[in-house]
Amino acid sequence: MTTNAAPAPYATTVHQVARPTGMPTPADFAFVEHPVPVPEAGTALVENVYLSVDPYMREAMEEGEWELNAPLEGRAVGRVVASRDPRLAVGDLVFHRHGWRTHALVGGDEARVLPEPAGVPLRAWLSVLGGTGLTAYVGLTRIARLKPGETVFVNAAAGGVGSAVGRFARLMGAGRVLGSTGSAAKAEHLVRDLGFDAAFDHHDGDFAANLAAIAPDGVDVGFENVGGAQLEGLVGAMREGGRIAWCGAVAQYNDPGDPPAAPRNLYDLVHKAVRLEGFLVRHHRDAQAELEAFAVPHLREGRLVPDDTVTEGIGSVVDAFLGVLRGANTGKMIVRVGDPGEQCEAV
Ligand SMILES: NC(=O)c1ccc[n+]([C@@H]2O[C@H](COP(=O)([O-])OP(=O)(O)OC[C@H]3O[C@@H](n4cnc5c(N)ncnc54)[C@H](OP(=O)(O)O)[C@@H]3O)[C@@H](O)[C@H]2O)c1
């Protein structure tokens with residue numbers, strides 16, 4: 001039978017279909033096509049524009065977090081295209097947590113309507129103004145309590161949180177800003193493009209020796225994203241009275257049942273009176289307004305340029321996620337699944 005009817009509009013949602021052992025693979029995911037959902041009373045239909053993929057999602061793939069064969073969750077920004085919720089109007093740009101899909105039904109209590117985009121690119125709400133930026137901001141201010149003139153070191157420095165730490169630390173008046181990353185090209189990028197004073201490739205030689213070479217007088221503020229041997233190297237480099245904001249342990253996420261052999265030198269923290277404090281950004285959402293008051297003027301005036309890697313299309317979301325676990329990104333890894341519009345792309 002032939003018909004002139006327009007094809008039904010379809011949406012794509014990504015499911016996890018298997019639990020991985022070690023590094024996940026594309027076979028752990030499925031792309032499910034279905035008709036675009038229709039909002040019921042109290043919800044709005046959002047066409048997603050950008051999706052966030054993050055290392056914590058690897059932990060969510062374990063038993064007890066993400067359900068198999070169900071839509072996945074993740075941070076997203078998009079545009080309201082139909083609404084049956086008076087709190088969300090057609091055309092609103094919103095932040096919400098129903099990522100990994102092209103279209104989402106969200107209630108007004110699950111979405112934040114974003115302010116006017118002037119001078120702020122839409123995807124910045126997933127990087128320096130989103131959970132990534134808030135993590136960097138809280139780690140530097142509330143946890144490490146960075147003071148002007150201090151030496152800061154961050155590992156996984158070329159990633160989303162790491163690059164924001166570098167940028168923010170500089171804007172907060174840090175003395176030296178130092179980092180490590182996963183390749184010589186990324187180390188060069190940190191110094192050339194992101195304003196780090198020095199950086200090294202963590203694959204190239206002994207971590208502790210490399211850190212001592214770029215921080216001969218030691219580190220006042222350590223921002224720890226990797227864990228294991230890198231945390232051991234950082235503990236060794238800390239100055240008396242220093243603070244380590246322990247943010248993550250990305251080196252461990254693919255082997256959650258296998259405790260790392262390092263760090264072996266935690267007692268050094270006592271001798272040097274160093275404070276090591278773990279933190280979760282979700283306990284500090286009240287700092288969001290403070291982050292925006294700090295970062296938006298810097299963004300508008302060009303002193304803060306968000307660093308990101310953007311992949312194209314919903315079909316790229318699994319590769320983008322696996323890429324984060326392999327270090328394929330510089331800056332925040334973001335997936336574009338819709339049209340942001342010219343105004344929202346302006347920096
Ligand atoms: N505490 C919190 O609330 C919170 C919130 C957000 C993020 N985090 C943590 O912050 C860290 C950074 O997160 P992000 O979202 O900004 O991700 P990201 O840094 O953009 O991406 C992860 C990076 O980690 C590095 N990496 C991957 N495997 C590694 C390994 N085995 N050893 C060393 N480095 C490895 C890779 O960079 P290289 O190529 O440079 O190695 C990769 O680009 C993660 O540990 C994450 O879990 C914590």
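One-based numbering, in listed order, for ligands and for the atoms of each. Any value given below was found using the heavy atoms of this structure, including those in side chains, with hydrogens, waters and symmetry copies removed. All values derive from a computational prediction rather than experimental measurement. The first residue in the sequence is number 1, and the count goes up from there.
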- Message: Are W100 and F321 an aromatic pair, judged by ring center distance below 6.0 Å?
- Response: yes

- Message: Between H298 and F294, does the ring-ring contact (aromatic ring centres under 6.0 Å, His included) criterion hold? Intermediate values first, please.
- Response: CA-CA 7 Å; H298 288 307; F294 164 76; 5.1 Å; yes

- Item | Side-chain H-bond candidate by donor/acceptor type, H34 with T13, under 3.5 Å | yes

- Task: List the closest protein heavy-atom neighbour of atom 16 (O) of ligand 1: residue, atom name, distance to the nearest 0.1 Å.
- Result: V161 N, 2.6 Å

- Which is it for N225 and ligand 1 at heavy atoms under 4.0 Å: side chain, backbone, both or neither? both

- Item | Per-residue contact class, A158 against ligand 1 - non-hydrogen pairs under 4.0 Å | neither

- Tell me which protein heavy atom sits closest to atom 22 (C) of ligand 1, plus the residue, atom name and distance to 0.1 Å. V324 O, 3.5 Å

- Of all the heavy-atom pairs spanning V53 and V324, show the shortest one and how long it is. O-CG2, 4.1 Å

- Per-atom contacts of ligand 1 with K186, taking only distances under 4.0 Å to non-hydrogen atoms: 37 (O), 38 (P), 39 (O), 40 (O), 43 (O)

- So which bit of H202 gets within less than 4.0 Å of ligand 1, heavy atoms only: side chain, backbone, both or neither? side chain

- Query: How far apart are the closest heavy atoms of V152 and L140, and which atoms are they?
  - Reply: CG1-CD2, 4.5 Å

- Item | Proximity to ligand 1 by part of A249, non-hydrogen separation under 4.0 Å | backbone

- Query: Can N48 and H98 be counted as having a side-chain donor-acceptor contact under 3.5 angstrom?
  - Reply: no

- Item | Protein heavy-atom partner closest to atom 27 (C) of ligand 1 - residue, atom, separation in Å | L325 O, 3.7 Å

- Indicate, as side chain, backbone, both or neither, the part of N155 found under 4.0 angstrom from ligand 1 when only non-hydrogen atoms are considered. neither

